[in-house]
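What follows is a short report on a single structure.
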Amino acid sequence: MTSTPRPTLFRLSRVDRAHDRALQRRHRAGELHRLCPGVYLLRDDWDQLGEVERHLTRARAIAPRLRVTSTFSHLTAALILGWPLRGSAPERVHVLDRAVTDVEHRAGLVRHVDRGDPAARSTHFEGIPVTTALETAVALATTLPVTTAAIAVDGGVRRQMLTVEEFVAALPLGRARGSVRSRTVATALDPRHESPGESYTAIRLVELGAPQIVPQQEFRAPSGHVDRVDFWIPSLGVVVEFDGRQKYVDPEMLGGRDPADVLWQEKLRQDRLTAHPEVRTVVRVTWWHLVELDRLRALFREHGVVFA
């Protein structure tokens with residue numbers, strides 16, 4: 001489960017009128033940020049939080065108001081479990097609630113119908129149960145855009161919180177809501193993906209209609225060098241590498257090396273890869289290409305690769 005900063009929350013007391021008026025004055029003065037009705041935190045604390053931390057702070061704020069029939073779910077549960085997020089976190093917290101018969105939208109809160117098994121939920125956040133990894137994965141895959149869902153669920157698979165086989169077996173069948181979307185997500189999952197960038201690349205390749213994709217394929221050069229690539233498309237002779245900026249700027253990934261040396265080693269590595277007769281081209285994909293599918297499609301066209 002993810003660990004996040006815990007800034008101090010200020011709550012209206014409902015019994016100390018002077019305390020409540022003081023909080024409301026500080027809010028009007030811009031010193032406090034309002035999280036949900038009756039709950040505030042310092043504006044400076046709020047400004048220092050990232051997307052995930054902001055959403056989880058909202059979940060902390062609203063937890064005492066939730067009914068005993070509630071369970072954190074959907075993207076809220078995914079962030080609690082520490083799964084990666086693409087894009088902005090929702091402003092509303094998501095829960096399952098055994099007391100509702102249809103989806104309810106409230107201030108800062110969305111309640112979904114709970115058809116799961118509460119006894120199976122062993123994780124808690126602020127005293128509230130959290131949906132299991134499998135429940136969370138299915139909820140994401142059936143309701144969110146496929147890229148957002150695939151990156152998050154692949155993170156759960158990578159952390160060995162669920163398997164692809166379990167996920168596929170739990171998906172809705174036939175024409176049930178979200179069945180097509182969720183099976184598209186399932187096609188892109190693989191525990192061999194090593195980062196959210198690789199997860200993003202995988203789902204985009206699926207969307208483009210790429211044929212069989214092999215993650216983490218190894219190529220052995222005559223010199224003895226073994227080069228492992230992010231993706232190999234054997235029927236097309238195409239190597240696909242997610243080229244994240246971190247490898248050139250992150251001190252931990254650089255390991256004391258000069259960025260220029262890293263870039264030179266990458267060139268030598270690419271030369272070794274293209275020397276293999278079965279490798280027709282190496283396509284280096286960045287996050288910028290992945291954001292828009294047409295950009296990615298154009299990148300492959302520049303390398304002479306067109307998917308059917």
Side-chain angles (χ1 to χ4, degrees), residues 84 146-147 150-151 153-155 157-160 163-165 184-308:
V146 293
T147 50
I151 291 169
V153 177
D154 211 27
V157 170
R158 186 162 51 251
R159 291 167 172 79
Q160 300 182 344
T163 68
V164 178
E165 293 73 21
T184 301
V185 170
T187 305
L189 304 180
D190 197 297
R192 290 172 289 182
H193 298 155
E194 296 181 341
S195 69
E198 290 183 23
S199 300
Y200 198 1
T201 304
I203 185 62
R204 284 309 209 184
L205 289 172
V206 169
E207 290 183 286
L208 285 178
Q212 180 196 12
I213 305 163
V214 181
Q216 306 303 322
Q217 175 70 33
E218 292 185 345
F219 292 86
R220 184 177 296 275
S223 63
H225 282 95
V226 177
D227 296 302
R228 188 175 62 174
V229 302
D230 294 336
F231 302 97
W232 167 235
I233 307 177
S235 63
L236 300 178
V238 175
V239 166
V240 181
E241 294 273 69
F242 174 71
D243 201 13
R245 182 172 179 267
Q246 292 154 300
K247 70 170 68 173
Y248 305 110
V249 298
D250 187 326
E252 185 174 340
M253 296 188 71
L254 286 170
R257 297 173 296 170
D258 184 277
D261 291 336
V262 174
L263 190 61
W264 175 248
Q265 291 302 319
E266 283 294 312
K267 179 192 180 302
L268 297 179
R269 180 174 179 271
Q270 178 153 329
D271 289 344
R272 288 195 301 270
L273 288 171
T274 53
H276 290 276
E278 67 270 33
V279 177
R280 181 161 67 90
T281 188
V282 176
V283 181
R284 291 190 171 275
V285 175
T286 68
W287 202 272
W288 182 84
H289 295 110
L290 296 172
V291 169
E292 291 188 13
L293 202 57
D294 281 348
R295 288 180 189 166
L296 187 60
R297 184 179 288 110
L299 175 66
F300 278 100
R301 281 184 175 272
E302 289 174 11
H303 288 262
V305 180
V306 179
F307 300 120

Sequence neighbours excluded and cut-off under 3.5 Å, please list the side-chain donor-acceptor pairs for residues 228-237, or say none.
from: Arg228; atom 1: NE; to: Gln216; atom 2: OE1; distance (Å): 3.1
from: Arg228; atom 1: NH2; to: Glu194; atom 2: OE2; distance (Å): 2.9
from: Asp230; atom 1: OD2; to: Phe242; atom 2: N; distance (Å): 2.8

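Partners of Arg192 according to the salt bridge (charged side-chain N to carboxylate O under 4.0 Å, His left out) rule, which considers only residues two or more places apart in sequence or in another chain, are Asp190. For Thr187, the side-chain hydrogen bond (donor to acceptor under 3.5 Å, both in side chains) test picks out no residue, with sequence neighbours left out. Scored by the side-chain hydrogen bond (donor to acceptor under 3.5 Å, both in side chains) test, Thr201 finds no partners at all (sequence neighbours excluded). With sequence neighbours excluded, the residues that form a side-chain contact (heavy atoms from CB on, under 4.5 Å) with Pro84 are Ile151, Arg158, Arg159, Pro196. Remark: Arg295 engages Glu292 in a salt bridge (charged side-chain N to carboxylate O under 4.0 Å, His left out) (not counting sequence neighbours). Shown here are the ring pair (Phe, Tyr, Trp, His ring centres under 6.0 Å) partners of His303, two or more places apart in sequence or in another chain: there are none.
One finds the CG atom of Leu296 at 10.5 Å from the CH2 atom of Trp288 (value rounded to the nearest 0.5 Å). Taking CZ from Arg269 and CZ from Phe219, the interatomic distance works out to 10.0 Å, rounded to the nearest 0.5 Å.
Listed here is the closest heavy atom pair of Ala186 and Val164: O-CG1, 4.4 Å. The minimum heavy-atom distance between Asp243 and Thr286, with the atom names listed, is O-CG2, 3.8 Å. For the pair Glu241 and Val239, the tightest heavy-atom approach, listed with the atom from each and the gap, is CG-CG1, 4.0 Å. The two residues Gly197 and Trp287 come nearest to each other via the heavy atoms CA-CZ3, 3.6 Å. Across all their heavy atoms, Leu189 and His193 have their closest contact at C-CE1, 4.2 Å. Of all non-hydrogen atoms in Arg280 and Gly304, the two that sit nearest each other are NH1-O, 3.6 Å.
Thr281 is not listed as a side-chain neighbour of Phe300, based on a closest heavy-atom distance of 4.5 Å or more. Within the 4.5 Å cutoff, the side chain of Phe307 has heavy atoms near those of the Pro211 side chain.
Within 6.0 Å of atom CD in Glu278, more than 12 heavy atoms from other residues, nucleotides or ligands are found, so the atom counts as buried in its surroundings.
For residues 197-209, the set of pairs meeting the salt bridge (Lys or Arg N to Asp or Glu O under 4.0 Å) definition, not counting sequence neighbours, comprises Arg204-Glu207. Sorted by first and then second residue, the salt bridge (Lys or Arg N to Asp or Glu O under 4.0 Å) pairs involving residues 296-308 (not counting sequence neighbours) are Asp294-Arg297.
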